[in-house]
Structure formats: structure tokens, C-alpha cells
Amino acid sequence: MRRKYFIYAFIALLIVIGTGCKKFLDVNKNVNSPTPASVNLSLVLSAAERNISNNVALGSTLGNNLALYTHQITGRIAADRYNAAASNWNELYAAISNLNVIIKRAPAESRFVYAGIAKILKAHTVSLLVDIWGDVPYSEYDRFDEGILQPKFDKGSEIYPQLIALLDEAIGDINNPATNTSKPGADDYIYKGNTANWIKAANTIKLKLYTQVRLVQDVKSQVADLLSKPASLINNESESFMMPYGPIVTTDDRHPAYGDYTATQRGGQLFSPWLYEMMKGRNPDILTGLADPRLPYYIYNQKSAPGGSNPTPENCTEFRDGGFISILFGSNGPCRDGSNSQTYSLLGIYPAGGRFNDSAAKSVNSLGNQNAGTGARPHEFITYTDRLYLEAELMQAGVVSGNARDVFSKALDATFTHVDNVVANYVKPGSAGAAQTVPAIATLAATKAYKDGVLAAYDAGSDAKKMEYIMTEKWINRIENPIDNYTDYRRTKYPVLFAPAPEGLVTNVTGPDGKVTPVSNDRKYPWSLPFSTGEIGLNKNAPPQKVAELYKVFWQP
């Protein structure tokens with residue numbers, strides 16, 4: 001695109017208020033030059049943080065598509081049968097454009113901490129672009145002032161080292177001893193200006209990037225150096241890199257995944273029967289016989305089991321196990337498209353900030369939208385739990401020395417502590433219109449039994465099986481961040497997914513109630529998402545459209 005576009009001083013504020021302006025921000029539109037001196041960097045930072053989170057979390061178009069690709073949700077959306085488009089490409093580049101405003105202006109204004117935070121957010125966001133699409137515009141993006149109107153696509157393998165360097169620059173900016181004219185505070189939604197935590201986040205992002213390239217690059221020394229200084233990483237739950245959301249107020253800022261609670265028609269964001277069966281302990285190959293205590297935190301059932309207080313669905317159901325009601329990936333069945341908005345099981349208090357499944361079996365409509373939960377669930381960029389799973393993977397793979405089992409055990413403990421933290425300190429179910437008292441999961445006897453069973457199965461497994469347990473537990477824990485799950489599956493081929501192509505077709509599935517549903521899987525598994533069609537059509541330097549099921553990101557073996 002050859003025309004030039006200008007950013008106005010109020011654009012950042014508009015993004016904070018709502019997402020309606022995001023559509024006109026395109027990777028090839030100049031949203032930064034000239035940048036008026038009156039643009040408030042505080043508003044730009046707030047806008048960028050919220051914009052990134054809104055477009056990658058579960059509940060966003062991209063998040064839902066990739067959660068379906070990793071079989072944590074299912075639904076009547078385009079990603080069913082692996083057919084997602086290039087969702088949220090423009091929006092993520094819009095966020096990078098706003099970060100560039102800060103990166104360019106802040107040093108000249110002696111706002112070095114602002115520049116450092118913006119670089120960390122940019123490095124993280126660009127890494128996601130590479131992880132999802134592969135080769136993307138980077139070195140020439142947002143250089144309209146230099147006459148570069150149509151940026152080239154850089155190789156992902158060349159971008160990653162630049163992101164490591166950018167993170168190091170960011171740490172240097174934050175540690176700059178020069179006096180800052182102002183520093184982030186409340187305008188930094190993530191850490192409220194806590195620079196020590198931002199540095200820990202930067203180092204943990206580096207650990208994540210090195211882990212993701214371990215199959216194609218020797219990263220032993222880099223990883224060993226990072227892990228030798230655990231205090232320089234996210235080292236406890238309170239330091240987790242997360243974006244908070246709030247309950248309904250004047251401006252509704254609830255988590256994107258909470259949207260199904262306020263929707264009049266549901267069916268695009270349903271809990272996957274595959275994950276449900278695995279958490280019930282019914283998968284014959286992994287976690288067999290282990291009932292996961294997180295289920296009532298993950299799923300809210302609007303219906304009771306047959307014979308209960310509210311058992312009758314609106315229409316026929318496809319997959320039903322007592323009160324749990326959903327649809328299957330790739331379904332061709334007659335009950336797939338029926339209206340069951342007050343019948344389907346919804347994402348619960350942990351994935352979406354919705355309701356804890358207390359077996360009351362009340363439909364959300366009867367509860368009322370504001371009574372159905374608070375929606376104040378944070379988005380997880382990287383948590384302390386994630387950092388432990390990264391460490392366990394690296395040890396299990398032999399990249400670094402250490403006892404993988406001990407770290408895996410700590411990761412399991414941190415998983416349950418994290419659920420409790422999200423519920424008690426963010427969602428706050430006692431403040432919902434229909435208040436709930438939710439038990440702390442970390443102290444339940446069922447939780448100890450589950451953990452003991454997982455570790456016993458881990459101990460009995462081969463090295464490959466041990467890795468599968470680590471990655472499967474990480475996948476279950478990471479339900480709110482589907483991008484990382486998609487990346488982990490393509491790297492390690494764990495966890496085992498429902499009918500993963502190109503292994504073949506599944507012709508029918510028999511549900512717990514005996515109902516047989518035909519399903520089809522007519523596309524091979526996509527190793528990346530297709531490029532933005534708008535980008536390809538407007539940018540002469542863009543590559544041809546990819547074949548998503550053949551195009552691998554550089555870190556894939």
C-alpha cells in the first residue's frame with residue numbers, strides 16, 4: 001500500500017476505550033509518522049498492552065481458532081476442520097506500531113523505562129507473529145519516513161536473534177541510571193511500573209524463545225546461564241507476566257473469553273470433549289483413571305444430569321455426559337447446529353472468569369449476565385507455572401542438567417496455586433451478582449491424589465512418555481493462552497490431539513451416552529496460519545500465499 005496514513009493524538013485513547021478502531025490499522029499503513037508531540041505516551045502504553053492481550057487471549061478470534069486447533073475448545077467456527085484464516089494480523093501490527101511510538105520518542109524525552117517496557121512488549125508480540133505465521137515483516141516494517149512503503153518479509157530464523165537483542169536493550173533501558181522525567185505507574189496495566197518484574201519477564205521470555213528453538217539450535221549455554229540465576233526470572237506466582245481484566249463497569253473490560261456469558265447465541269466457544277474426556281481420566285493412553293480436580297473450575301454446566309433439577313436440553317445434543325454438553329470437532333451430525341444456548345456447557349471460572357460448577361445447573365440467562373461471574377480473569381503472557389514447565393522440559397530433553405521430576409512436581413503444585421490465585425485475587429467470585437464460594441483447589445485431598453497419580457505414571461514411563469506428561473500437563477494448565485499450546489504441539493507433537501491429521505480420518509465417535517456422531521477431518525494439520533490476504537494483495541514484497549499444512553516455522557524439526 002503506497003498511501004501514507006497519520007496517527008492522531010487520540011488514537012491510543014480510542015484503542016483503550018474499544019476495539020472498533022483496530023480494523024483500519026494495517027501492517028502497510030503508516031500509523032506513526034508524523035507523530036504529534038502531543039501524543040500521550042502513557043495512553044499509548046496502556047493501549048498497546050490492552051490491544052495485544054485482546055488479540056491473543058482465549059476469546060479473541062485468534063485465540064479461539066488456536067484453542068480449537070489444540071482441542072481445548074470446539075465450536076461452530078471456521079477453525080473447525082483446521083480452516084482458520086489469518087486472524088488478528090492487522091491488530092497485532094497495530095499494537096507494534098504504537099509500541100514504536102514509545103520506542104522512538106521515549107529516550108529523547110528521558111523516559112527510558114517507557115522505552116524498555118515497550119521493547120519487551122514488542123519482542124514478545126513479534127515472537128508470537130513468527131510462531132504463528134513464520135516469515136513476517138519486521139526489519140522494514142513501520143519505516144515509511146525512510147520511503148519503505150512495502151516491507152519485505154524477514155525469515156523467522158533471522159528475527160528471533162534480533163528479539164533476544166531487543167530484550168537485552170530493554171533491560172539496559174530500564175537499568176539506565178539517568179533520571180527519568182516520568183515513569184510508568186497505573187498506566188502500566190501489567191506490572192504497575194514495577195521495573196524488577198519487567199526485567200524478570202524479559203529474561204523469562206528469552207528462556208521461552210531458547211526453549212522453542214532447542215530442536216534446531218544448540219542453546220545449552222544460553223539456557224544454563226538463565227537457569228543458573230533463578231531470581232532473574234519469574235520466580236514466584238506474584239511475579240507472573242499477566243494482563244488483568246476487570247468486572248463490568250462503565251466500560252466493560254472483562255476478559256475476551258467471558259463473551260459467551262453475555263451472548264444471546266452460543267456455540268462458537270465450547271469446551272472440547274477431547275480435553276473433557278482426558279480430564280475425566282478416560283483417555284486410554286495418558287492420565288488414564290486420573291480424575292482431574294480442575295474440571296469444576298474449567299467448565300460450567302448449565303444443565304444437570306438426566307433426573308436432576310434441570311436436565312432437559314432445548315434441542316437434541318451431540319455429546320453429553322451428565323450435565324456436560326458440547327459438540328465434536330469436525331462433526332457432521334444432525335445435532336451440531338441446533339440452538340442450545342441455555343444447554344451447552346460454558347468455559348468456567350478459571351478459563352473465562354465465569355461460573356464455578358457448583359452443580360446448581362442454572363442457565364446463564366436465568367442467572368442474568370452480571371450474575372454469571374465477574375469476567376475479571378487475567379490474560380497470561382508467561383506465568384511462574386509456565387517457567388517451571390519450560391525448565392522441566394529442558395531438563396527432560398537433556399538440554400540442561402537437573403532433576404526434571406522435581407521441577408515437574410513443583411510445576412504441578414504451581415499449577416494448582418495459580419488456579420487459586422486467579423480465582424481468589426482476580427475473578428473474585430464472591431463479588432459476582434450471584435456470589436459463589438469457591439474452594440481452594442491446592443488444598444483438596446483430590447488434588448493430592450491426582451498429583452500423586454500423575455507422578456507415579458511419570459515414574460513408570462519411558463523418556464518420551466515422561467516428556468508427554470510434562471507437555472500434557474502444561475497444555476491443560478495453559479488453556480487461557482492457546483498460542484503457546486499451538487507452538488508447543490508443533491514443536492514436540494504433544495499432547496496427543498483428537499484425530500490429528502495427516503494420520504487419517506475418524507468416521508464416527510461414540511459419546512458417553514451411546515450416541516454415535518459422524519465426524520470428518522478433511523484437511524491435514526496446519527503447521528502455521530495463512531498469511532493475511534490483504535497483506536499479500538497490497539504488498540508487492542509479500543511472498544505467495546502459503547499452503548498452511550506444509551509451511552513449517554523455522555523452529556520445527
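No hydrogens, no waters, no symmetry mates; every other heavy atom, side chains included, goes into these values.
- Taking the six-membered ring where tryptophan is involved, the planes of Phe381 and His379 are perpendicular, since the angle between them exceeds 60° and thus also 30°.
- With 3.5 Å as the limit, one finds a donor-acceptor pair spanning the side chains of Asp154 and Ser139.
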_One pair to check against side chain to side chain contact (heavy atoms under 4.5 Å, CB included): Tyr389 and Phe408. What are the steps and the verdict?_
CA-CA 7 Å; Tyr389 279 116; Phe408 182 38; 3.9 Å; yes

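- If you check the side chains of Asn65 and Ser87, you find a donor sitting under 3.5 Å from an acceptor.
- A cation-pi arrangement is found for Lys546 relative to Tyr551, the charged atom lying closer than 6.0 Å to the ring centre and inside a 45° cone about the ring normal.
- Rounded to the nearest 0.5 Å, atoms OG1 (Thr317) and CD1 (Ile325) are 5.5 Å apart.
- Taken from OG1 in Thr517 to CG in Leu328, the straight-line distance is 5.5 Å, to the nearest 0.5 Å.
- Ring pair Phe356/Tyr297 is perpendicular by interplanar angle, where above 60° counts as perpendicular and below 30° as parallel.
- The structure places CD of Gln212 at 6.5 Å from CG of Asp484, a figure rounded to the nearest 0.5 Å.
- A side-chain donor-acceptor contact under 3.5 Å links Asp386 and Thr383.
- Checked by atom type, the side-chain pair Asn83/Arg523 shows a donor-acceptor distance below 3.5 Å.
- The minimum heavy-atom distance between Val454 and Leu290, with the atom names listed, is N-CD1, 3.8 Å.
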*asked:* Using side-chain hydrogen bond (donor to acceptor under 3.5 Å, both in side chains), reason through Asn539 and Gln150 one step at a time and then give a plain yes or no.
replied: CA-CA 5 Å; Asn539 184 354; Gln150 297 182 321; 4.9 Å; no

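- In this structure, Tyr276 has its ring center under 6.0 Å from that of Phe324.
- Salt-bridge check for Asp488 with Lys474: passed, with a basic side-chain N closer than 4.0 Å to an acidic carboxylate O.
- Side-chain atoms of Arg254 never come within 3.5 Å of backbone atoms of Ala376 as a donor-acceptor pair (strictly under, hydrogens ignored).
- There is a side-chain donor-acceptor pair under 3.5 Å between Asn55 and Asn51.
- A cation-pi contact links Arg377 to Tyr350, judged by a cut-off of 6.0 Å to the six-membered ring centre and 45° from its axis.
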*Carefully, step by step, assess Glu468 and Lys465 under the rule salt bridge (Lys or Arg N to Asp or Glu O under 4.0 Å).*
CA-CA 5 Å; Glu468 183 178 359; Lys465 198 67 179 180; 3.1 Å; yes

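- Thr385 and Asn477 are not linked by any side-chain donor-acceptor pair at a separation below 3.5 angstrom, with hydrogens and angles left out of the test.
- A cation-pi arrangement is found for Arg490 relative to Tyr486, the charged atom lying closer than 6.0 Å to the ring centre and inside a 45° cone about the ring normal.
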*What's the verdict on ring pair (Phe, Tyr, Trp, His ring centres under 6.0 Å) for Tyr93 and Tyr141, showing C-alpha distance, side-chain angles and the deciding distance?*
CA-CA 9 Å; Tyr93 271 105; Tyr141 171 65; 4.9 Å; yes

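- Side-chain atoms of Arg81 and Ser520 form a donor-acceptor pair, as typed in the model, at a separation below 3.5 Å.
- Side chains of Ile77 and Leu68 form a contact here, defined as non-hydrogen atoms less than 4.5 Å apart.
- The residues Asp321 and Arg282 are annotated as salt-bridged, a charged nitrogen and a carboxylate oxygen being separated by less than 4.0 angstrom.
- For the pair His71 and Ser272, the minimum side-chain heavy-atom distance is below 4.5 Å.
- Pro293 has its side chain within reach of Phe416: a pair of non-hydrogen atoms, C-beta onward, lies under 4.5 Å apart.
- Atom OH of Tyr261 and atom CZ of Arg355 lie 8.5 Å apart (nearest 0.5 Å).
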*After noting the C-alpha distance and the side-chain angles of Lys303 and Glu314, does the key distance pass the salt bridge (Lys or Arg N to Asp or Glu O under 4.0 Å) rule?*
CA-CA 10 Å; Lys303 295 295 180 183; Glu314 299 147 87; 5.7 Å; no

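- The closest side-chain heavy-atom distance from Leu295 to Asn357 is not below 4.5 Å.
- Taking the six-membered ring where the residue is Trp, Trp89 and Phe153 present parallel rings, their angle staying beneath 30° rather than reaching 60°.
- Closest heavy-atom contact between Ser326 and Thr74: OG-CG2, 3.5 Å.
- Nearest heavy-atom pair across Ile536 and Ala542 is CA-CB, 4.0 Å.
- Note on Glu473 versus Arg294: salt bridge recorded, some NZ/NE/NH1/NH2 to OD/OE distance being below 4.0 Å.
- Note that Lys515 lies outside the cation-pi zone of Phe319, set by a 6.0 Å cut-off to the ring centre and a 45° limit from the axis.
- Pro256 approaches Ser60 most closely through the heavy-atom pair CB-N, 4.0 Å.
- Between atom CG of residue Leu166 and atom CD1 of residue Ile120 there is a gap of 9.0 Å, rounded to the nearest 0.5 Å.
- Inspection of the Tyr245 and Asn54 side chains reveals an N or O donor paired with an N or O acceptor under 3.5 Å.
- Cation-pi check for Lys493 over Trp527 is met; the charged atom lies under 6.0 angstrom from the ring centroid and within 45 degrees of its normal.
- Of all heavy-atom pairs between Tyr258 and Gly373, the closest is OH-O, 3.2 Å.
- Judged by distance alone, the side chains of Gln72 and Asn485 do bring a donor and an acceptor atom under 3.5 Å apart.
- The aromatic rings of Phe329 and Tyr82 lie tilted to each other, with the angle between the two planes from 30° to 60°.
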*May I have the step-by-step check of salt bridge (Lys or Arg N to Asp or Glu O under 4.0 Å) for Arg336 and Asp80, ending in yes or no?*
CA-CA 12 Å; Arg336 175 184 185 270; Asp80 190 44; 3.3 Å; yes

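- Proximity of Asn315 to Cys335: side-chain heavy atoms (C-beta onward) are nowhere separated by under 4.5 Å.
- Side-chain contact between Asp292 and Tyr450: present, with at least one pair of heavy atoms (C-beta onward) separated by less than 4.5 Å.
- The minimum heavy-atom distance between Ser345 and Asn301, with the atom names listed, is OG-OD1, 2.6 Å.
- Between Tyr384 and Thr204, the side chains place no donor N or O within less than 3.5 Å of an acceptor N or O (distance only, hydrogens not considered).
- Side-chain contact annotation: Asn481 with Glu380, donor-acceptor N/O pair under 3.5 Å absent.
- Heavy atoms of other residues, nucleotides or ligands lying less than 6.0 angstrom from NZ of Lys552 number more than 12.
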*List the steps and the verdict of side-chain hydrogen bond (donor to acceptor under 3.5 Å, both in side chains) for Trp555 and Asp131.*
CA-CA 9 Å; Trp555 37 248; Asp131 295 340; 3.0 Å; yes

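- Atom CD of Glu318 sits about 10.5 Å away from atom CG of Asn340, to the nearest 0.5 Å.
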